[in-house]
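Positions are given from 1 along the sequence. As the structure is a computational prediction, the values presented were derived from the model and not from experiment.
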Amino acid sequence: MRRRPVLLILRALGLGDVLTAVPALRALARWFPEHRRLLACPGTLAPLLGLVSLGAGRPAVHELVDASPLQALPATLTQVAVAVNLHGRGPQSHRLLLALAPERLVAFAHPDVPESRDGPRWLAGEHEVRRWCRMLQASGIDCDSGALEIERPALAETWLPERALGATLLHPGAASQARRWPVERWAAVARAQGDAGRAVILTGSAGEVALAEEVASRAGLRRDSVLAGRTGLRELAAAVGAAGRVVCGDTGVGHLATALGTPSVVLFGPVPPHEWGPPATDHHRVLWKGRRGDPHGGRPDHGLLQIAVDDVLAELHLLERSCAPRGAEQRALSRAGDAGRAPARR
């Protein structure tokens, strides 16, 4: 029996990074239907693969290859027909793929890597979603940058509390202090949402449990409102998909809200939303004061600190007005145990 040709895609980054590449993953799956499609990314993202599909149970990616940023790929990867660099501009990431001797490389051009000379030029400041679609299109591969949606896990298939359905989901953590809004402001938003009669839940990583608990304590929330440290990726996706609205910083949860069609308010600080933000619709609101900074800084970005609690509450009010019909639809779907694709928000 003839072995299927291998398509290897490199995106050894975090949750938000992989979600911005979903349109490219879907485009590659449609363009290379006969290939065995492998995605090299962190193993912790494995639950995400089953949520990125072409419909009718057809996966965009067949298998995950556990990979770390700019680390050598497993030597067991052989007979790669097509290698696609969705990781960066090179040259290091280009060379990681070329070490596997692929028959074809799809990548941005880099002067130090002759094999990439036919690729398009990297453009600084380009939105991350459009960037990878443009690279594929330069190689003749059709790519729809609006195809961001992923499957919504059913809340009923998880241990998550039913009160998560329609709740305001707050995600106060971030990968760096520069993108972390002050805890007392998160607590003020949580308190206001509770006063408005909405259930509030708090998510976060295992390292953000104390942060989420402090927000809950300051806001006077129930202890079981804190889901931080208790959710795997699939449970997190189910919580975001079931929520009535999401408020977060510039993190992977913001991209998850976009992918699952859940209305969101995303707070940007050092990085502008026109490079990493959600699509500009009434369902996804962004706050940014127009200042750039160090996204890896050790203290909250000055521009992020200019965002006031009232700014966030105002955006939530606008969100509620524009998304009321969709909220009722989502509650009905979730009660029915819907596990289908979230509606696209382009």
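Side chains of R299 and Q177: a donor-acceptor N/O pair is absent below 3.5 angstrom, by distance only.
Panel note: side chain T251, backbone A174; no donor-acceptor pair is recorded below 3.5 Å.
A salt bridge is absent between E34 and R4; no separation between the charged side-chain nitrogens and carboxylate oxygens falls under 4.0 Å. Taking the charged nitrogens against the carboxylate oxygens, K289 and D311 do have a contact shorter than 4.0 Å, which makes a salt bridge. Between E128 and R11 a salt bridge is recorded (basic side-chain N to carboxylate O distance below 4.0 Å). For the pair R191 and E184, the salt-bridge criterion is not met [side-chain N within less than 4.0 Å of a carboxylate O]. Using a 4.0 Å cut-off between a side-chain N of Lys or Arg and a carboxylate O of Asp or Glu, E151 and R234 do not qualify as a salt bridge.
L77 and L39 fall into different hydrophobic clusters, where Ile, Leu, Val, Met, Phe, Trp and Tyr residues are linked whenever their side-chain heavy atoms come under 4.5 Å apart, directly or through other members.
Of the inter-residue distances, the one linking L148 atom CG with R26 atom CZ reads 8.5 Å to the nearest 0.5 angstrom. Here H317 contributes atom NE2 and L319 contributes atom CG; the two are 11.0 Å apart, rounded to the nearest 0.5 Å.
Between C248 and the options H171, R179, H255, a side-chain contact (heavy atoms from CB on, under 4.5 Å) holds for only H171.
A cation-pi arrangement, defined by a distance under 6.0 Å to the six-membered ring centre and an angle within 45 degrees of its axis, is present between R131 and W122.
When every heavy atom of W132 is checked against every heavy atom of A24, the shortest pair comes out as CB-CB, 4.1 Å.
More than 12 heavy atoms of other residues, nucleotides or ligands lie within 6.0 Å of CZ in R163, so this atom counts as buried by the packing criterion. Environment of NE2 in H296: sparse, with no more than 12 heavy atoms of neighbouring residues, nucleotides or ligands closer than 6.0 Å.
Between W181 and F268, the gap from one ring centroid to the other reaches at least 6.0 Å.
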